[in-house]
A.B. asks: 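Dumping the structure here so I can ask a few things about it.
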Amino acid sequence: MTNSIGEIRNADFLFVIGSNTSEAHPIIAMEMKRAVRRGATMVVADPRKIWMSTIAEKHLQLKPGCDVWLLNAMAHVICEEGLVDEAFVAENTEGFEAVRETVKRYSPEAAEEHTGISAEDIRWVARKYATTEKAGIYYTLGITEHTHGTDNVYALANLVLMTGHLGKPSSGMNPLRGQNNVQGANDAGATPIFLPGYQRVDDPEAHARYEEAWGTTFPSEPGLNLNVMMKEVGKSIKGLFVMGEDVVLSEPNCMELEKGMNAAEFVVVQDAFFNETCRFADVVFPASVFAEKEGVFTNSERRVQRVRKAVEPPGEAREDWRILIDLANASGADWSFDSPAEVYDELARDADKFSGISHARLDATVELPKTGLQWPCPSPEHPGTTFLHEEGILRGKGLFQAVDYRPPAELPDEDYGLLLSTGRTLYHYNCATQTRRESGLDAKQSEAWVEMHPRDAKKRGIEDRDLVEISTRRGSIQVRALYSRQVQPRCIWMPLHFFEARANVITNDAGDPVTDTAEYKVCAAEVRKVEEGEVREGLFPGTFYGVDAPA
Ligand SMILES: Nc1nc2c(c(=O)[nH]1)N[C@H]1C(S)=C(S)[C@@H](COP(=O)(O)OP(=O)(O)OC[C@H]3O[C@@H](n4cnc5c(=O)[nH]c(N)nc54)[C@H](O)[C@@H]3O)O[C@H]1N2
Ligand SMILES: Nc1nc2c(c(=O)[nH]1)N[C@H]1C(S)=C(S)[C@@H](COP(=O)(O)OP(=O)(O)OC[C@H]3O[C@@H](n4cnc5c(=O)[nH]c(N)nc54)[C@H](O)[C@@H]3O)O[C@H]1N2
Ligand SMILES: [Mo]
């Protein structure tokens, strides 16, 4: 996020696009509700009728996968009606002319045909966004989990730059992060491209500095992205160390991955639970969960916060960092960290975004509600940074990127007449290793389902709550059909959480050309009623599972 969560309540215009905020980020949604209650205008752009759309001034219920049409048409209006912040553009950005040229081709009338949103609404939203001083954009996976996810993000960034909505409180561009500490993991260099602190591995200067600091040599080429790696498992990748991910549940087209996992020579899983991927493991290292260890987590607003051990890890479970250090030392390294604080000090020593942060300083600054420190925080005296780009754009000049609409990799056709999208719900967490072990949550949602518009269901002879089979070009799964008007006709939606009806058996693993993020949000599917006798074993009722299911 360029801004802080606490700034959301003071925003006057909130553009929520591709984010089911009240279910996936309920705390952030609370701040948004607060802003709306104060009189702010909210616009939600989402193919589904999500709860946030009920408090929005306008719900732009676009067809999935056509955000570039919507966003370029908004840019078209802003250019056409003289709403560009020309002074900001001239002083702080580069590449605007290419965008101005490109968006000329995206009139709101043409966008209406592609997106299903009226030209009038597109004009209204564009004007409102451009002319409101404190206007923030909030987006998540509805934007990124597409083969054109990077284009979507560029199109949003173009809107931010042309209106100068940057470097100020309550405006800016705010991707809401997913997993707990996914921000911290990225900050620490758990990506194929970056060393700690977003220093590129292929930057010769940074690379040399880290070889020196770490006393070792390592490749100066970026590694493989996740989606590319998964396609190489059992092929060029013979061994796999999986830590904190249930790959055979969460990766797209997972039956292909299962073939690769079977062909792999050696698989290690380090996880807090005996998850589905453990079926393929030669070795399982039992890890501990958040409440069983010391350390720091970094949230979406770049805030590094201390977490403290509340209980001891059960049985043979150990802290992840201890397992990793033992593994390194058993492999011939000589690592001698005694605590997570020492590990963090090494990170802070070599990456100046975090140089002013240490466990000791965090322990000394516990003043509720202001705990933790937000990076960049380059020195021990630095107060941290609540919003980015205040003293000018960090990269020097904000770079416009002209983008054109590209359709999703797969769209409904004669064989597969429906558009399937997948996502999450309030009650379960991703692979649900944790939430399906909790009786209250399991009682709320104990089995998988697919939401279908009644019209599509009736056309196929499907009654509400019938068992159905969803198939795509990758495979098929059985779930219960729910009549729903949250989805548009010809669109169906299902959660990813349930191992006995894995959405990812049927999702498309086609990736974005830049990030390789898979198109979890759009693929072509067909649904038919399942007759008695065809029901797959172990499917219903959804109940507890795993080694420690309660009696
Ligand atoms: N309760 C709960 N909270 C979670 C999680 C969880 O599993 N459970 N998971 C966490 C993680 S890892 C993440 S990454 C975040 C994800 O948070 P979100 O991205 O908010 O979650 P999704 O359910 O994937 O919802 C994406 C939204 O995008 C919309 N959408 C789909 N296709 C399109 C499209 O083409 N265009 C537009 N504009 N919108 C589209 C969907 O209808 C949906 O409302 O949630 C985090 N929070
Ligand atoms: N169809 C579809 N698929 C999707 C998505 C979608 O929208 N649609 N979203 C994608 C997204 S955004 C994400 S982030 C992924 C999430 O997919 P995963 O990362 O596979 O799912 P999680 O449930 O977050 O948990 C990962 C594992 O971490 C373990 N774990 C929890 N705490 C710890 C710990 O402290 N240490 C260790 N070692 N393990 C721990 C859990 O037990 C679990 O097995 O799913 C992706 N898959
Ligand atoms: Mo995520």
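For the single chain, residues carry numbers from 1 onward in sequence order. Counting convention: from 1, in listed order, for ligands and their atoms alike.
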A.B. asks: At under 4.0 Å between heavy atoms, which part of Ala45 makes contact with ligand 1: side chain, backbone, both or neither?
C.D. replies: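 The answer is the backbone.
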A.B. asks: Nearest non-hydrogen atom to atom 35 (O) of ligand 1 belongs to which of Ser19, Gly65, Pro26?
C.D. replies: Gly65
A.B. asks: Is it the case that Lys33 places NZ or CZ above or below the six-membered ring of Trp51, under 6.0 angstrom from the centre and within 45 degrees of the axis?
C.D. replies: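 Yes, a cation-pi geometry.
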A.B. asks: Carefully, step by step, assess Ile117 and Trp69 under the rule side-chain contact (heavy atoms from CB on, under 4.5 Å).
C.D. replies: CA-CA 10 Å; Ile117 299 167; Trp69 262 108; over 6 Å; no
A.B. asks: Quick check on contacts: which atoms of ligand 2 are under 4.0 angstrom from a heavy atom of Tyr429?
C.D. replies: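 Reading through ligand 2 atom by atom, the close ones are 23 (O), 24 (O).
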A.B. asks: Starting from atom 11 (C) of ligand 2, find the nearest protein heavy-atom neighbour and note its residue, name and distance.
C.D. replies: Arg424 NH2, 3.6 Å
A.B. asks: Should the pair Asp509-Arg474 be classified as a salt bridge under the 4.0 Å nitrogen-to-oxygen rule?
C.D. replies: no
A.B. asks: Could you establish whether Ser288 and ligand 2 come within less than 4.0 Å of each other, counting only heavy atoms on the residue side?
C.D. replies: yes
A.B. asks: Which of the listed options, Gly423, Ser250, Pro286, Gly244, holds the heavy atom that is closest to atom 25 (O) of ligand 2?
C.D. replies: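 The nearest heavy atom belongs to Gly244.
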A.B. asks: Out of Gly178, Gly295, Ala272, who is nearest to atom 40 (C) of ligand 2 when you count heavy atoms only?
C.D. replies: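 Result: the heavy atom closest to atom 40 (C) of ligand 2 is in Ala272.
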A.B. asks: Would you mind checking if Arg473 and Asp413 are paired as a salt bridge, meaning a charged N to carboxylate O distance below 4.0 Å?
C.D. replies: yes
A.B. asks: What atoms of ligand 2 come within less than 4.0 Å of a heavy atom belonging to Asn275?
C.D. replies: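 Checking each atom against Asn275, I get 44 (O).
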A.B. asks: Would you say the ring centroid of Tyr520 lies under 6.0 angstrom from that of His146?
C.D. replies: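 Ring centroids of Tyr520 and His146 are no less than 6.0 Å from each other.
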A.B. asks: Thr425 heavy atoms, cut-off 4.0 Å: which ligand 1 atoms fall inside?
C.D. replies: 1 (N), 2 (C), 8 (N)
A.B. asks: Do me a favour and list the nearest non-hydrogen protein atom to atom 6 (C) of ligand 1 with residue, atom name and distance?
C.D. replies: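 Among all protein heavy atoms, the one nearest atom 6 (C) of ligand 1 is His428 O, 3.4 Å.
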A.B. asks: Which one holds for Cys431 and ligand 2: side chain close, backbone close, both close, or neither close, with close meaning a heavy atom under 4.0 Å?
C.D. replies: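 Near ligand 2, Cys431 shows its backbone as well as its side chain.
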A.B. asks: For atom 24 (O) of ligand 2, find the nearest protein heavy atom and state the residue, atom name and distance (0.1 Å precision).
C.D. replies: Gln179 NE2, 2.7 Å
A.B. asks: Could you tell me the residue and atom name of the protein heavy atom closest to atom 2 (C) of ligand 2, and the distance to it rounded to 0.1 Å?
C.D. replies: Tyr520 CD2, 3.1 Å
A.B. asks: Any Lys/Arg nitrogen of Asp456 or Arg490 sitting under 4.0 Å from an Asp/Glu carboxylate oxygen of the other?
C.D. replies: no
A.B. asks: To which of Leu420, Asn430, Val247 does the heavy atom nearest atom 22 (P) of ligand 2 belong?
C.D. replies: Asn430
A.B. asks: Nearest protein heavy-atom contact for atom 31 (C) of ligand 2: which residue, which atom, what distance?
C.D. replies: Gln434 NE2, 3.9 Å
A.B. asks: Which protein non-hydrogen atom lies closest to atom 44 (O) of ligand 1, naming both residue and atom, and how far is it?
C.D. replies: Asp46 OD2, 2.7 Å
A.B. asks: Please report which non-hydrogen protein atom sits nearest to atom 8 (N) of ligand 2, along with the residue it belongs to and the distance in Å to one decimal place.
C.D. replies: Thr422 OG1, 2.9 Å
A.B. asks: Do Arg536 and Glu469 meet the salt-bridge criterion of a basic N to acidic O distance under 4.0 Å?
C.D. replies: yes
A.B. asks: Is the NZ or CZ atom of Lys293 positioned over Trp321's six-membered ring, under 6.0 angstrom from the centre and within 45° of the axis?
C.D. replies: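 Pair Lys293/Trp321 does not count as cation-pi.
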A.B. asks: Could you check whether Phe498 and His428 have their ring centres less than 6.0 Å apart?
C.D. replies: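 Ring centroids of His428 and Phe498 are less than 6.0 Å from each other.
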A.B. asks: Report, in ascending order of atom number, the atoms of ligand 2 lying under 4.0 Å from any heavy atom of Leu141.
C.D. replies: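 Counting atoms of ligand 2 from 1, those under 4.0 Å from Leu141 are 12 (S).
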A.B. asks: State the atoms of ligand 2, each with its element, that fall below the 4.0 Å cut-off from a heavy-atom position in Asp320.
C.D. replies: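 Counting from 1, the qualifying ligand atoms are 34 (C), 35 (O), 36 (N), 37 (C), 38 (N).
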A.B. asks: Would you check if Arg436 and Phe499 make a side-chain contact, meaning some heavy-atom pair closer than 4.5 Å?
C.D. replies: yes
A.B. asks: Considering only heavy atoms of Ile50, which atoms of ligand 1 have at least one such atom less than 4.0 Å away?
C.D. replies: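 Numbered from 1, ligand 1 contributes 44 (O).
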A.B. asks: Under 4.0 Å from any heavy atom of Thr433, which atoms of ligand 2 are there?
C.D. replies: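 Near Thr433, meaning under 4.0 Å from one of its heavy atoms, ligand 2 has 41 (C), 42 (O), 43 (C), 44 (O).
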A.B. asks: Are the charged groups of Glu292 and Lys309 less than 4.0 angstrom apart, N to O?
C.D. replies: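 Judged by the 4.0 Å cut-off on N to carboxylate O distance, Glu292 and Lys309 do not form a salt bridge.
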A.B. asks: Can you pull out the closest protein heavy atom to atom 42 (O) of ligand 2? Residue, atom name and distance to 0.1 Å, please.
C.D. replies: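 Atom 42 (O) of ligand 2 sits closest to the protein heavy atom Asp271 OD1, 2.6 Å.
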A.B. asks: Can you list the ligand 2 atoms lying under 4.0 Å from a non-hydrogen atom of Ala287?
C.D. replies: 37 (C), 38 (N)
A.B. asks: Do me a favour and list the nearest non-hydrogen protein atom to atom 10 (C) of ligand 2 with residue, atom name and distance?
C.D. replies: Glu145 OE2, 3.5 Å
A.B. asks: Under a 4.0 angstrom heavy-atom cut-off, which atoms of ligand 2 come close to Gln270?
C.D. replies: 38 (N)
A.B. asks: For Glu23, counting its heavy atoms only, list the atoms of ligand 1 lying under 4.0 Å from any of them.
C.D. replies: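 Here the atoms of ligand 1 in question are 1 (N), 2 (C), 3 (N).
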A.B. asks: So is Lys521 touching ligand 2 or not, going by heavy atoms under 4.0 Å?
C.D. replies: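 Under 4.0 Å: yes for Lys521.
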A.B. asks: What I want to know is whether Asn504 and ligand 2 share at least one N or O pair that is separated by under 3.5 angstrom.
C.D. replies: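 N/O-N/O distance under 3.5 Å: yes.
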A.B. asks: At a 4.0 Å threshold, what atoms of ligand 2 neighbour a non-hydrogen atom of Lys293?
C.D. replies: 34 (C), 35 (O), 36 (N)
